[in-house]
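Below is one structure; the comments refer to it alone.
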Amino acid sequence: MAGVKRVPAGAVLMVAVFLAGLNMRPLLTSVSALLLDLQSALGLSATLAGSLVALPTLFFGIFSMVTPLLLRFMDVRAVIVSSMLLLALGSALRATLGSAGLFAGMFIASVGISFVAVLAPAVAKQAFPQRIGFVMGAYTTSFCLGASMGAGLTAPMAHWFGGDWRLGLAAWAAPALLGALWWLGTRSVALSDRPEAVGAAPSIPARALWRDPLAWQVTLFMGLQSGLGQSLVGWMPVMLIDRGLSAVQAGMALSGTLLAQLLPNLVVPWMAARARDQRALAGLIVAFYVVGTLGLLYAPVASLWLWVVLCGLGMGGAFSMGLSFVVLRTRTSAHATALSSMSQGVGYTIAAAGPFLVGLLYDGSGGWHSTALLFGAIGLIVLWAALMAGRDRYVLSGRPA
């Protein structure tokens with residue numbers, strides 16, 4: 001029986017990591033798919049509607065930074081299972097109590113996502129050190145797949161439920177429950193709970209990482225590319241509706257952008273793990289991202305799907321590169337957890353401003369020119385951060401691994 005357990009153990013844990021990633025983005029993209037319905041039903045302004053994407057991202061930032069503290073009281077598996085249950089609870093709560101339930105559910109679900117998002121890459125680095133490129137590719141692909149499912153399936157599900165947006169949102173509690181149950185089933189899989197293996201090792205002073213320039217470059221890249229991504233996920237349907245597309249066509253375009261991330265999510269971590277220097281790859285990805293985004297705003301509508309695909313390639317590549325930097329710029333799983341907490345904590349706090357600023361600019365100007373200028377400026381800073389973070393270096397390189 002022992003031999004039977006050893007054979008599937010890696011596969012069981014691999015599926016667990018995949019399910020964790022699958023549940024990380026439907027919370028946001030399901031709201032984006034119904035944003036106009038929510039505005040109409042709940043009387044939300046464009047700025048307040050933008051906060052439905054901005055606030056969860058802000059919560060990701062705040063709670064990502066406290067994740068290592070939880071490992072002093074709970075093992076990593078217990079944190080992930082509890083977090084997936086919070087995600088399920090929050091997803092269901094969005095369908096109750098009107099706008100109060102919507103925002104409360106977003107908060108609770110965001111807390112659960114924050115903890116899982118920090119710990120999953122560290123678990124992958126510890127459990128699959130020789131296959132980290134493949135495993136991170138699968139993990140980031142699951143992010144993309146979940147985001148696309150949230151964008152493409154939420155409105156049809158609401159239609160199946162008689163046009164009730166509440167049930168369309170609540171349906172996403174089901175995959176979160178499945179993820180929690182699967183992680184419970186990994187109890188037979190060897191997974192060290194020692195802080196120095198998965199969590200924040202006591203020998204790593206937090207101030208040392210926060211004074212490390214490379215750590216800040218990774219964090220800046222993670223935060224600003226996330227800000228672009230969250231803004232597009234939240235506002236792309238509205239942008240395209242303003243350009244003359246129907247709500248269904250705009251939702252399909254968003255879903256297409258998210259599906260186009262599948263290829264870079266699979267390939268970029270694999271390529272990055274095999275290169276000592278990722279600057280050229282990261283620079284090309286950022287160029288795709290910015291050009292594709294501006295094409296969505298200004299190129300002829302007849303060429304829309306070219307820019308949908310280009311934007312998706314850039315978005316998926318930037319996201320997977322950001323997570324890859326976390327494991328490639330660190331020597332140990334403990335360092336990876338610390339950098340993951342910092343880059344996602346600070347990064348998502350920065351990213352939270354993106355959708356909110358887009359809402360403010362749209363409310364103030366009634367158009368998208370100011371948003372295009374914002375995206376272009378952010379793109380230049382992301383390019384600089386990519387070129388700096390892509391160098392062959394480690395955080396805390398002057399300290400023992």
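No experiment lies behind these values; they were computed from the predicted model shown.
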Nearest 0.5 Å, please: how far is [atom2] in [Y] from [atom1] in [X]?
| X | Y | atom1 | atom2 | result |
| --- | --- | --- | --- | --- |
| Trp183 | Leu19 | CH2 | CG | 9.5 Å |
| Asp212 | Tyr394 | CG | OH | 14.0 Å |
| Ile80 | Leu119 | CD1 | CG | 5.0 Å |
| Leu87 | Leu177 | CG | CG | 9.0 Å |
| Leu70 | Asp75 | CG | CG | 11.5 Å |
| Leu357 | Ile378 | CG | CD1 | 7.5 Å |

For [Y], does its backbone N or O pair with a side-chain atom of [X] as donor and acceptor, under 3.5 Å?
| X | Y | answer |
| --- | --- | --- |
| Thr67 | Phe63 | yes |
| Arg243 | Met239 | no |
| Asn23 | Pro175 | yes |
| Ser341 | Ser64 | yes |

Closest non-hydrogen atom pair, [X] against [Y]:
| X | Y | value |
| --- | --- | --- |
| Ala260 | Gly312 | CB-CA, 3.9 Å |
| Pro56 | Met106 | CG-CE, 3.3 Å |
| Val116 | Ala20 | CG1-CB, 3.7 Å |
| Ala250 | Pro237 | CB-O, 3.5 Å |
| Leu297 | Ala372 | CD1-CB, 3.8 Å |
| Ala318 | Ile285 | N-CG2, 3.2 Å |

We want to know whether [X] and [Y] form a side-chain donor-acceptor pair, criterion being a heavy-atom distance below 3.5 angstrom.
| X | Y | result |
| --- | --- | --- |
| Gln344 | Ser340 | yes |
| Arg329 | Gln278 | yes |
| Gln217 | Arg391 | yes |

Is [Y] close to [X] at the side-chain level, that is, under 4.5 Å between some pair of heavy atoms?
| X | Y | result |
| --- | --- | --- |
| Leu240 | Gln249 | no |
| Met65 | Thr349 | yes |
| Leu102 | Leu169 | yes |
| Phe319 | Gln225 | yes |
| Leu167 | Met157 | no |
| Pro269 | Tyr139 | no |
| Phe59 | Ile113 | no |
| Trp172 | Met149 | yes |

Hey, is [atom1] on [X] packed in by over 12 heavy atoms from elsewhere, all under 6.0 Å?
| X | atom1 | value |
| --- | --- | --- |
| Arg393 | CZ | no |
| Met388 | CE | yes |
| Met252 | CE | no |

ask   = Under 30°, 30 to 60°, or over 60°: which ring-plane class applies to Trp216 and Trp210, parallel, tilted or perpendicular?
value =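 Trp216 and Trp210: perpendicular rings.
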
message = I need the full list of salt bridge (charged side-chain N to carboxylate O under 4.0 Å, His left out) pairs touching residues 275-299, with sequence neighbours left out, sorted by first then second residue.
response =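 Found Arg276-Asp392, Asp277-Arg279.
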
request  = Check each of Leu296, Val238, Leu361 against Trp368 using the side chain to side chain contact (heavy atoms under 4.5 Å, CB included) test, and report the only one that passes.
outcome  = Val238

query = Can you list the steps and then say if Val123 with Val76 is a side-chain contact (heavy atoms from CB on, under 4.5 Å)?
reply = CA-CA 8 Å; Val123 169; Val76 64; 3.9 Å; yes

message = Checking Leu69 against Arg72 for the side-chain contact (heavy atoms from CB on, under 4.5 Å) test, could you report, in this order, the C-alpha distance in whole Å, the side-chain angles of both residues, the deciding distance, and whether it holds?
response = CA-CA 6 Å; Leu69 298 178; Arg72 298 181 180 180; 3.9 Å; yes

Leu58 vs Tyr348, side-chain contact (heavy atoms from CB on, under 4.5 Å): CA-CA, chis, key distance, verdict = CA-CA 6 Å; Leu58 178 62; Tyr348 282 134; over 6 Å; no

task = Compute the ring centroids of Phe107 and Phe103, then answer whether they are less than 6.0 Å apart.
result = no

key: Leu13 vs Trp182, side-chain contact (heavy atoms from CB on, under 4.5 Å): CA-CA, chis, key distance, verdict   = CA-CA 9 Å; Leu13 191 57; Trp182 192 278; over 6 Å; no

key: side chain to side chain contact (heavy atoms under 4.5 Å, CB included) against Ser343, all qualifying residues, sequence neighbours excluded   = Val218, Thr219, Met222, Val326

query = Residues in side chain to side chain donor-acceptor pair (under 3.5 Å) with Ser30, at least two apart?
reply =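 Partners of Ser30 by the side chain to side chain donor-acceptor pair (under 3.5 Å) criterion, ordered by chain and then number, come out as Arg94.
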
